[in-house]
Each structure stands twice: as C-alpha cells, then as structure tokens.
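A short write-up of the structure that comes next.
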Amino acid sequence: MKNILFIALNDARHQLKQGSTLVWVFVMPPIFFYFIGTVTGGFSSGLSATQATPLTVVAEAPGFLKDQLELRLAANDFAPVWVDEIVVAEDAVAPRRTLTIGPDLTNRLEDGEQVSIRYETKSSSLTRDYEVIRIQRSLYTALADIVVAKANTAEPLTAADLIVLNDKPRIWQLETSPAGKRQEIPNGFDQAVPGILVMFTLLVLLTSGGTLLVIERKQGLLRRMASAPISRQELVSGKWGGRMILAAIQVAAALLVGTFLFKMDWGPDFAMVLVVLGAWAGFCASAGLLLGSLATSEAMAGGLGVLAANLLAALGGCWWPIEVTPGWMQFVQKLTPTGWTMDALHKLISFQAGAAAALPQVGVLLVASLVLAGLAVRNFRYE
C-alpha cells in the first residue's frame with residue numbers, strides 16, 4: 001500500500017505541474033460553464049408554465065375585441081403587451097415574440113372581413129412549436145367566443161355581450177389530476193455545470209492521463225521501475241490512483257466553481273451526487289490508464305482522448321439536455337458511459353427522484369470501471 005500511495009501521489013503531482021493540465025482542470029471548465037449555460041438557457045423556456053410568457057401584440061385600433069383576445073392569451077400563459085407599432089432604437093433589443101394583427105380588428109370582423117394575424121418568435125424549435133399551439137388555441141377560443149356572443153343577440157356585437165358570455169358557467173367541465181411528479185427539463189447552468197464537469201473529467205483523464213503513461217514508457221521510466229522492488233500490481237494500482245487523484249481534484253474544483261460562482265443547486269441528495277461523480281472519476285481513471293497502455297505515441301493518446309471525450313459528451317447529453325433531442329438520440333445516450341452519468345445526475349439534481357434512482361447507473365459505472373481497469377492491467381507494458 002505504501003508503494004501504491006507513493007506512485008499515485010507522485011503521478012498526480014507531476015501531472016499538476018504541467019501548464020496545459022492546470023488550464024484544462026481549473027480555467028477551461030468555468031469558461032465552458034458560462035458559454036454552454038448561456039446557450040442552453042432557452043432550451044426549455046416556456047415549457048414549464050411556471051410564469052407567463054412575454055408577448056408583444058402589434059395591433060392598430062383593435063377595438064373592444066382587444067380585451068377578449070387578451071383574456072384568452074392570458075388563459076394560455078401569455079403576458080401580452082399591446083402596441084400600435086414596433087420601434088426599436090439602435091441600442092435596444094427587438095421583442096422576442098410578436099403577434100401582429102391587421103388594423104381595425106373589431107370593425108373588420110363585424111363586417112365579415114378577413115383579418116391577417118402573424119406570429120414570430122426567436123425561441124428554439126421545441127419551444128416555438130409549443131408557443132404556436134398556445135397562440136392558435138387563444139385565437140380560436142376568442143373566435144368561438146365572438147360567434148357564440150353574436151348568436152345570442154340580434155343587435156350588433158358589443159363589449160357587454162362578451163362580458164355576459166364570459167360570466168356564464170361552462171357547460172362542459174374538465175376535471176384534471178396530476179399523473180405524477182412534474183419533471184422540469186434542465187437548462188442553463190443546471191444543465192451546463194454537471195454536463196461540462198462530466199465532459200472535462202473524461203477529457204483530462206484521457207489526454208493527460210494517457211499521454212503521461214506513453215511518455216514514461218518512451219523515456220524508459222517504466223522499465224526502470226520494473227527493476228525496482230515494486231510489483232506489477234502495485235505499479236498499475238499506483239498509476240490508477242494518480243489518475244483518480246487528478247479526477248478528484250477536477251471534480252472538486254468544478255463543484256466549488258459551480259456552487260459559488262454559478263449558484264448551482266445540487267438537489268436534496270448531494271451525498272449521492274458525490275457517489276455518482278466518484279464512480280465516474282473511477283471510470284475515467286480506468287479509461288485513461290487503458291488508453292495510455294494501448295497508445296503507441298503521445299499524439300495518438302492525445303488525439304484519441306480528445307475525439308473520444310467530445311464524441312461521448314455529445315452523445316451522452318453533456319452539451320444540451322438530452323430530453324429535447326429525438327428519440328433515437330435518447331436511446332443512444334443509454335448506451336454511453338457519459339449518458340449513464342448524466343442520467344443519474346439529472347435524476348438526482350433536476351428531477352429529484354431520490355438517491356435510490358441513481359443506484360443502477362452507479363452499479364453500471366463501477367462494473368465498467370473494473371472491466372476497463374482489467375483490460376488496462378492486461379495491456380500494461382513497461383516498454
């Protein structure tokens with residue numbers, strides 16, 4: 001055990017002396033937290049309906065039907081702001097969502113004329129589709145109100161007729177009850193901090209961890225250690241331990257930055273979050289050791305490490321919430337180690353499904369770590 005600890009500490013110390021390793025461990029993750037968190041901040045906006053969606057309604061002289069349409073928009077979780085026209089100053093930002101209605105809305109509808117309505121939004125595709133459905137529901141409901149109100153009076157339609165209609169009880173009553181706990185799709189920093197943490201732990205362990213072993217083999221350091229009173233098992237265990245220490249430092253730094261700089265809430269089961277990240281660190285340490293044992297050059301170890309880390313990060317849902325992707329991509333996520341880790345973290349942090357919900361993913365990660373470690377031992381070469 002003394003030899004294993006000695007090798008592990010020296011390996012970790014040597015890696016942390018490398019400028020590139022320090023940059024990728026301490027500098028780049030916060031930058032990616034901010035960038036990815038900002039980009040993914042709108043992926044699920046408008047889907048939770050926890051607050052009304054701001055909406056700019058452009059209508060010239062809409063008449064008394066404005067109140068009815070506003071009522072129906074509000075019923076569909078919009079917060080409409082009515083303007084005659086949009087004037088954007090040079091230093092101002094254009095409205096994110098606009099509903100443009102043709103002029104003289106009330107009079108034209110009373111005369112049986114067609115009124116054009118156009119909806120424009122800067123939301124992402126999934127949110128845009130949801131907004132369009134709510135807009136259409138608002139417009140068709142308002143149109144139905146107008147038809148029913150006109151049928152109830154022989155006189156021209158007035159605002160009072162619509163008020164009377166709104167006060168009448170609905171014949172059809174819809175009873176609703178929760179089918180289960182609502183699951184909010186993680187977005188912004190809730191998605192970015194865990195995702196980039198998972199990605200960079202794998203990236204650093206594959207590149208720095210794999211490259212260091214190749215360098216030691218080429219320089220003959222491993223061959224010298226073979227002649228020392230250290231067994232093969234102790235040497236490989238020490239190398240694994242050194243990578244595990246580096247992974248632990250990476251995870252700890254990301255946790256501190258995410259918590260204090262980006263106000264990350266790790267949910268009610270933080271202890272289980274640490275267990276998941278510990279299992280992930282073990283997997284990354286084994287993967288880095290295996291790559292270093294198989295690679296024949298520094299360029300090969302670094303290139304394969306970067307390629308594998310980025311590919312697995314994309315497929316595993318580290319860059320964006322996997323819940324907003326097509327079904328086939330959500331299936332692929334379940335086949336990747338990054339996907340197992342992100343699934344467990346989402347259950348614990350965003351969905352708050354309880355500590356037991358992450359046990360299957362932790363078990364799979366531990367088994368995968370042991371398999372990769374076994375392959376690394378089998379393929380470990382002194383020269």
Side-chain angles (χ1 to χ4, degrees), residues 41-178 182 184:
F43 272 11
S44 62
S45 62
L47 293 179
S48 62
T50 55
Q51 60 182 6
T53 305
L55 175 67
T56 300
V57 183
V58 184
E60 181 181 348
F64 65 81
L65 289 180
K66 167 188 172 181
D67 295 334
Q68 191 67 18
L69 185 54
E70 182 169 9
L71 176 67
R72 296 311 174 193
L73 288 170
N76 285 282
D77 297 319
F78 284 104
V81 176
W82 293 76
V83 297
D84 293 334
E85 60 179 339
I86 295 179
V87 179
V88 182
E90 293 183 0
D91 56 345
V93 179
R96 184 175 180 84
R97 304 171 187 85
T98 57
L99 182 67
T100 305
I101 303 175
D104 206 14
L105 171 66
T106 299
N107 292 332
R108 293 185 65 181
L109 284 181
E110 287 182 335
D111 294 339
E113 298 180 19
Q114 187 178 36
V115 178
S116 63
I117 299 179
R118 184 177 71 256
Y119 179 64
E120 296 174 299
T121 178
K122 297 179 182 178
S123 301
S124 59
S125 58
L126 183 65
T127 306
R128 180 175 61 251
D129 292 342
Y130 182 50
E131 291 175 0
V132 169
I133 291 173
R134 290 155 58 201
I135 288 289
Q136 291 175 339
R137 188 165 57 191
S138 302
L139 296 177
Y140 286 130
T141 305
L143 180 60
D145 292 338
I146 296 170
V147 172
V148 173
K150 289 186 69 174
N152 291 335
T153 178
E155 302 295 329
L157 184 66
T158 64
D161 296 327
L162 291 172
I163 293 175
V164 171
L165 177 65
N166 293 332
D167 290 338
K168 288 184 177 180
R170 299 288 177 174
I171 298 177
W172 292 95
Q173 298 293 329
L174 177 64
E175 294 184 2
T176 62
S177 60
R182 187 184 185 95
E184 304 288 349

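Everything numeric here is computed off the predicted structure, so don't read it as measured data. Sequence positions, counted from 1, serve as the residue numbers for this chain.
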Between Arg137 and Asn76, is there a donor-acceptor pair closer than 3.5 Å when you use the side chain of the first and the backbone of the second? no
Of all the heavy-atom pairs spanning Ser123 and Glu131, show the shortest one and how long it is. OG-OE2, 2.9 Å
Please list every donor-acceptor pair under 3.5 Å in which a side-chain atom of residues 55-69 meets a protein atom from a residue at least two apart or in another chain.
unit_1: Gln68; atom_1: OE1; unit_2: Asn166; atom_2: ND2; d: 2.9
unit_1: Gln68; atom_1: NE2; unit_2: Asp145; atom_2: OD2; d: 2.8
unit_1: Gln68; atom_1: NE2; unit_2: Asn166; atom_2: OD1; d: 3.0

Is Tyr119 close to Arg97 at the side-chain level, that is, under 4.5 Å between some pair of heavy atoms? yes
Within the structure provided, determine whether Val132 and Asp129 are in side-chain contact (heavy-atom separation under 4.5 Å). no
Is it the case that the side chain of Asp167 and the backbone of Val164 share a donor-acceptor pair, with hydrogens and angles ignored and the cut-off at 3.5 Å? no
Interatomic distance, Arg118 atom CZ to Leu99 atom CG [nearest 0.5 angstrom]: 9.5 Å
With sequence neighbours excluded, tell me which residues meet salt bridge (Lys or Arg N to Asp or Glu O under 4.0 Å) with Arg108. Glu113
Nearest atoms (heavy-atom pairs only) where Phe78 meets Pro80: O-CD, 3.3 Å
If you apply the rule side chain to side chain contact (heavy atoms under 4.5 Å, CB included), what do you find for Lys168 with Val148, and how did you get there? CA-CA 12 Å; Lys168 288 184 177 180; Val148 173; over 6 Å; no
How far apart are the closest heavy atoms of Gly102 and Val115, and which atoms are they? N-CG1, 3.9 Å
Give, for atom CD1 of Ile117 and atom CG of Leu105, the distance between the pair rounded to the nearest 0.5 Å. 6.5 Å
Check whether Thr98 reaches the backbone of Thr100 with its side chain - one donor and one acceptor, N or O, closer than 3.5 Å. no
Given Thr141, Thr106, Leu165, Leu157, the one that forms side chain to side chain contact (heavy atoms under 4.5 Å, CB included) with Ile146: Leu157
Partners passing side-chain contact (heavy atoms from CB on, under 4.5 Å) against Ile133 (at least two apart in sequence or in another chain): none
